[in-house]
Amino acid sequence: MSIKIRKAVVKDAEFLAQMILQSSRAGKKDGIFDLIFHTNDDQVILKGLTALTQTAAKAHCNFNNFLIAELDGKSVGTLCSFEPRIATKETFIEALKEIGCQKDTTEALEVMSCCDFDLNNRTLMFDFMEEVEGFIDVGILKALMTKSLLTARLKGYRIGQSLVEIGSLETILFYKKLGFKQVGEKECELYKEKFGRAGQVLLELEF
């Protein structure tokens with residue numbers, strides 16, 4: 001079994017949408033995109049996310065930021081990496097408008113902001129590190145991160161960071177196995193009210 005890592009392309013949009021939704025919920029009833037699209041209907045959210053990955057506005061969830069892991073020709077995992085100074089919250093709002101999202105996103109954006117950290121603009125952020133159920137522990141996530149870090153080094157990055165929910169023990173442990181260290185933690189009542197999680201931790205890797 002050989003894992004192939006490649007850059008995502010437009011035709012991966014539907015798969016990326018599934019992984020983004022899976023990642024955003026992370027075992028919770030609601031994730032940030034349930035709030036943004038004002039529904040728990042998977043099909044509605046997946047349709048919105050599929051469109052969101054393809055916008056001209058290069059938000060963090062744009063397909064250009066993703067790597068795809070393939071096993072025997074099947075897409076089995078994703079990893080997103082983006083630069084905070086380019087994929088800003090303003091860019092995200094622009095992307096939502098581009099797909100015709102007319103819902104009031106004020107509440108969702110407020111929840112997103114309540115656990116904000118003061119991030120270095122030259123830091124590379126990692127997100128949506130996910131694998132398809134049934135393919136866990138076969139080395140997919142490690143292969144994705146190894147490839148992403150190699151590319152990041154070639155581009156001159158030296159620090160990678162990721163935001164993970166407090167209480168997501170398996171995800172935090174996996175990042176730590178990859179060499180990441182916890183460098184910050186923020187608790188937020190609003191975040192806890194909406195998602196049942198206390199807040200987020202900031203993990204960092206120097207490479």
Side-chain angles (χ1 to χ4, degrees), residues 1-28 31-33 42-43 45-55 58-84 86-87 92 95 123-165 168-181 200-207:
M1 263 191 327
S2 178
I3 301 168
K4 177 186 174 185
I5 307 296
R6 62 172 175 82
K7 280 189 65 66
V9 293
V10 174
K11 69 178 183 180
D12 295 308
E14 289 187 5
F15 177 69
L16 293 176
Q18 293 168 15
M19 294 293 96
I20 291 169
L21 181 57
Q22 180 176 304
S23 177
S24 67
R25 285 182 177 160
K28 307 185 298 293
I32 191 66
F33 292 103
D42 285 8
Q43 294 312 307
I45 299 172
L46 288 170
K47 183 179 179 181
L49 285 173
T50 299
L52 199 59
T53 65
Q54 304 174 69
T55 57
K58 298 297 189 289
H60 67 296
C61 47
N62 190 277
F63 78 89
N64 285 290
N65 296 328
F66 280 85
L67 290 177
I68 300 274
E70 289 183 337
L71 204 56
D72 299 328
K74 176 183 172 64
S75 296
V76 293
T78 60
L79 178 61
C80 169
S81 60
F82 63 93
E83 207 176 318
I86 296 173
F92 184 57
T123 296
L124 192 67
M125 295 297 297
F126 295 103
D127 203 351
F128 309 123
M129 183 171 67
E130 287 294 318
E131 54 195 342
V132 173
E133 190 175 345
F135 290 91
I136 295 170
D137 294 333
V138 296
I140 291 166
L141 299 183
K142 186 176 180 181
L144 281 163
M145 185 60 77
T146 300
K147 177 65 174 177
S148 190
L149 289 173
L150 178 62
T151 304
R153 284 190 193 97
L154 294 174
K155 291 181 177 179
Y157 292 105
R158 291 297 175 263
I159 298 175
Q161 294 182 323
S162 185
L163 291 171
V164 180
E165 287 178 327
S168 296
L169 301 180
E170 285 187 17
T171 304
I172 292 171
L173 181 61
F174 186 80
Y175 269 112
K176 287 184 175 179
K177 282 182 178 178
L178 292 171
F180 284 75
K181 295 178 181 177
Q200 294 186 318
V201 297
L202 179 65
L203 299 165
E204 182 176 285
L205 174 69
E206 290 188 32
F207 53 90

Do any side-chain atoms of residues 138-154 form donor-acceptor pairs under 3.5 angstrom with protein atoms, and if so which ones, sequence neighbours left out?
unit_1 : atom_1 : unit_2 : atom_2 : d
Thr146 : OG1    : Lys142 : O      : 2.8
Thr151 : OG1    : Lys147 : O      : 3.0

Please set out all donor-acceptor pairs under 3.5 angstrom arising from side-chain atoms of residues 12-21, sequence neighbours excluded.
unit_1 : atom_1 : unit_2 : atom_2 : d
Asp12  : OD1    : Arg6   : NH2    : 2.8
Asp12  : OD2    : Arg6   : NH1    : 2.8
Asp12  : OD2    : Val9   : N      : 2.8

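In this pair, Phe128 and Phe66 present their aromatic rings parallel. The plane angle is below 30°, not in the 30 to 60° band.
Smallest separation of non-hydrogen atoms from Ser75 and Ile68: OG-CG2, 3.8 Å. The shortest non-hydrogen separation linking Glu165 to Ile172 is O-CD1, 3.9 Å. Between Ala87 and Ala59, the shortest heavy-atom contact is CB-C, 4.0 Å. The heavy-atom pair separating Asn65 from His60 by the smallest distance is ND2-O, 3.1 Å. For Ile159 against Phe207, the heavy-atom pair with the smallest separation is C-CE2, 3.6 Å. The minimum heavy-atom distance between Gln200 and Leu163, with the atom names listed, is OE1-CD1, 3.8 Å.
With hydrogens and angles disregarded, no donor-acceptor distance shorter than 3.5 Å links the side chain of Asp127 to the backbone of Cys80. Side chain of Ser162 to backbone of Phe126: a donor-acceptor contact under 3.5 angstrom is found.
The structure places OG of Ser81 at 4.5 Å from CG of Leu124, a figure rounded to the nearest 0.5 Å. In this structure, CG on Asp72 lies 8.5 Å from OG on Ser2, to the nearest 0.5 angstrom. Between atom CD of residue Gln161 and atom CG of residue Leu203 there is a gap of 9.0 Å, rounded to the nearest 0.5 Å. Atom-to-atom distance recorded for Ile3:CD1 and Glu70:CD is 11.5 Å, nearest 0.5 angstrom. Atom NZ of Lys58 sits about 15.5 Å away from atom CZ of Phe82, to the nearest 0.5 Å.
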Intermediate values then yes/no, side chain to side chain contact (heavy atoms under 4.5 Å, CB included), Phe180 and Phe174
CA-CA 9 Å; Phe180 284 75; Phe174 186 80; over 6 Å; no
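Applying the salt bridge (charged side-chain N to carboxylate O under 4.0 Å, His left out) rule to pairs touching residues 15-26 yields Arg25-Asp34, Arg25-Asp42, sequence neighbours excluded.
With contacts defined as side-chain heavy-atom distances shorter than 4.5 Å, the pair Phe92/Cys61 qualifies. You'll find the side chain of Lys181 stays beyond 4.5 Å of the side chain of Leu205, heavy atoms only.
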